[in-house]
Amino acid sequence: MSETKIKKKPSIRILGIETSCDETAAAVVQNGNKVLSNVIASQVELHAQYGGVFPEVASRQHVKVIYAVVEQALKEAHLDLKELDAIAVTRGPGLAGSLVVGMNIAKALSMSSGLSLIGINHLEGHIYSAWIHLDKKDKQKKPQFPLLALIVSGGHTTLIMMEEHLQYQQLGGTLDDAAGEAFDKVARLLGLSYPGGPAIQKAAETGNSLSFNFPRAWLDGSWNFSFSGLKTAVRRTLQELQAEGKAIKVNNLAASFQAAVVDVLATKTLLAARHFKARDILVAGGVSANRTLRKAFLKQKEFTVHFPPLSLCTDNAVMIAAAGYYHHLQGAHDELDMDVLPNWPLT
Ligand code: KG4
Ligand code: ZN
């Protein structure tokens, strides 16, 4: 009887580096979904006093901690640089001065080790965070193509159709404030802490979402979004309540605002999924951590909806390394003179 030797496929390990906004992050991921390390140095406390990200402060902080963050990611993965297969780094979109910090260390490491360097779009990073399952018992299937992806973060509200890995067709985006930005700005109006998303979610838990009928910008005939009118409506309501000497019930305002955002995001995404004949839906980005948003998607049974693990919704480098894996499989290798792309659209 002939013996058939089954050759184990070699593992591909990628170092991811992310510095596009206010998190300095590095991670090592194996085969696009096994997290070997995940280090995030958050700057949230530094920016909280400004109620938003202060770009100059962000880039300086990245410079301070990037080396230690990368070193820690390699240490926690128990790997030397030479045992890896490639380095993936966020090229954009994001804050120029912040992106440059991650790019420079990635280039230096690539030059010194000979590892190939892969430039990743931050939004595709968010998409690939939904391929990662941290819990071994998590039996959720991988997202299936054709796939409709909704990215909802502090900087973006974007609908993207994917027929295959790494193929992106942008259907629409925000015309003004991104969903997360609206959460942050409304939280500030309501006197809640930064970042606004988690603060509004918490306040809304004890509020009545039917207290105020805030406007929904449907923008019929397009796959775009707009949240600035909603933010203005919350401001006006607050001013009217103050002028009339009425009690300001922050929890009710937060719940009604959140319901309006979730209504538009879920309704338009489901419509688009039907229209473009998607098989599955994927929701990623900081706002995808929102419980009410998840519930709105999960209450329908027409589409399987995939979310990243809660800890990987906001910015991290695991998602950059995961996206890097798929580029690596395609033989991607960017040149060492590549520049950052602060306004890079995902197309
Ligand atoms: O993806 P992310 O970390 O950064 C960008 O790429 O922009 O997203 C940050 C955004 C912030 O606006 C924050 O308020 C929002 O995600 N966010 C949430 C929640 N957690 C974070 N929004 C709503 N509900 C949440 N639970
Ligand atoms: Zn992000």
Side-chain angles (χ1 to χ4, degrees), residues 16-25 27 38 40-44 47-48 50-53 55 58 90-95 98-99 102 120-130 149-158 160 173-174 177-190 192-205 207 209 225 227 230-231 254-255 257-266 282-297 307-320 322-323 342-344 346:
I17 297 176
E18 154 66 37
T19 62
S20 69
C21 192
D22 60 342
E23 321 280 5
T24 319
N38 176 20
I40 305 173
S42 174
Q43 302 180 5
V44 159
H47 299 289
Y50 308 108
V53 179
T90 308
R91 265 189 102 174
L95 303 169
S98 290
L99 290 164
I120 300 295
N121 184 299
H122 182 78
L123 298 185
E124 76 179 328
H126 275 302
I127 289 175
Y128 279 97
S129 65
L150 169 71
I151 301 164
V152 268
S153 67
H156 294 86
T157 310
T158 310
I160 287 168
T174 182
D177 292 347
E181 194 181 354
F183 269 96
D184 294 337
K185 287 180 175 171
V186 167
R188 212 170 162 189
L189 285 174
L190 298 179
L192 297 170
S193 58
Y194 174 84
I200 287 193
Q201 171 172 296
K202 189 155 190 291
E205 276 166 16
S209 61
F225 297 91
F227 293 107
L230 171 59
K231 176 193 64 194
F257 160 78
Q258 181 175 262
V261 176
V262 166
D263 195 7
V264 174
L265 291 176
L282 181 159
V283 187
V287 182
S288 72
N290 188 274
R291 224 171 290 139
T292 307
L293 182 71
R294 287 188 173 216
K295 270 195 203 149
F297 276 105
F307 298 96
L310 279 180
S311 62
L312 297 180
C313 289
T314 45
D315 291 348
N316 62 82
V318 166
M319 66 188 201
I320 303 303
N343 300 308
W344 193 11
L346 185 58

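Both ligands and their constituent atoms are indexed starting at 1 by order of listing. Here the structure is a predicted model, which is why all the values come from computation and not from measurement.
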- Query: When only distance counts, is Thr314 in polar contact with ligand 1, meaning an N/O pair under 3.5 Å?
  - Reply: no

- Taking C-beta and beyond as the side chain, do Ile17 and Ile320 meet within less than 4.5 Å on heavy atoms? no

- Task: If you have a sec, work out which protein heavy atom is nearest atom 24 (N) of ligand 1 and how many Å separate them, to one decimal?
- Result: Asn290 ND2, 3.0 Å

- Query: Do the ring planes of His122 and His126 sit parallel (below 30°), tilted (30 to 60°) or perpendicular (above 60°)?
  - Reply: perpendicular

- Task: Starting from the Zn ion (ligand 2), look over the N/O/S atoms of Asp315 and name the nearest one.
- Result: OD1

- Going by the order shown, which atoms of ligand 1 are within less than 4.0 Å of some heavy atom of Ser153? 1 (O), 5 (C), 6 (O), 7 (O), 8 (O)

- Query: To which protein heavy atom is atom 18 (C) of ligand 1 closest, and what is the distance rounded to 0.1 Å?
  - Reply: Gly197 CA, 3.4 Å

- Is Asn38 reaching over with its side chain to a backbone N or O of Ala27, donor-acceptor style, under 3.5 angstrom? no

- Item | Closest non-hydrogen atom pair between Val44 and Pro195, with its separation | CG1-CD, 3.9 Å

- Message: Any side-chain to backbone donor/acceptor pair from Gln43 onto Ala58? Under 3.5 Å, distance only.
- Response: yes

- Item | Test of proximity, Gly286 against ligand 1: N or O pairs below 3.5 Å | yes

- Roughly how far apart are Thr314 OG1 and Asp22 CG, rounded to 0.5 Å? 9.5 Å

- So the atoms of ligand 1 within less than 4.0 Å of a heavy atom of Gly180 turn out to be 12 (O)

- Message: Ignoring hydrogens, what is the shortest heavy-atom contact between Pro309 and Ser129? Give both atom names and the distance.
- Response: CD-O, 3.7 Å

- Message: Suppose we only allow N, O or S atoms; which atom of His122 ends up nearest to the Zn ion (ligand 2)?
- Response: NE2

- Quick note on ligand 1: atoms under 4.0 Å from a heavy atom of Gly155 include exactly 7 (O)

- Query: Are there more than 12 heavy atoms of other residues, nucleotides or ligands under 6.0 Å from atom CZ of Arg188?
  - Reply: no

- Of all N/O/S atoms in His126, which lies nearest to the Zn ion (ligand 2)? NE2

- shortest atom 26 (N) of ligand 1-to-protein heavy-atom contact is with Gln201 OE1, 3.2 Å

- State, with a plain yes or no, whether a side-chain heavy atom of Thr158 is found less than 4.5 Å away from one of Leu346. no

- Item | Min N/O separation Gly154 to ligand 1 under 3.5 Å | yes

- Are any of the N/O atoms in Phe183 less than 3.5 Å from those in ligand 1? no

- Message: Quick check: do Phe183 and Asn290 have side-chain heavy atoms less than 4.5 Å from each other?
- Response: yes

- Query: What is the closest protein heavy atom to atom 2 (P) of ligand 1, and at what distance does it sit?
  - Reply: Asp315 OD1, 3.4 Å

- Partner of Thr90 under side chain to side chain contact (heavy atoms under 4.5 Å, CB included), picked from Met319, Glu18, Glu124, is Glu18

- Message: Under a 3.5 Å distance rule, please check whether Thr19 uses its side chain to pair with a backbone N or O of Ser98 as donor and acceptor.
- Response: yes

- Message: Heavy-atom contact check, 4.0 Å cutoff: does Gly196 meet ligand 1?
- Response: yes

- Winner among Glu18, Met319, His122 once heavy atoms are compared against atom 6 (O) of ligand 1: His122

- For His156, is the nearest heavy atom under 4.0 Å from an atom of ligand 1? no

- Would you please determine whether His126 falls within less than 4.0 Å of ligand 1 on a heavy-atom basis? yes

- Tell me: protein heavy atom nearest atom 13 (C) of ligand 1, and distance? Asp184 OD1, 3.8 Å

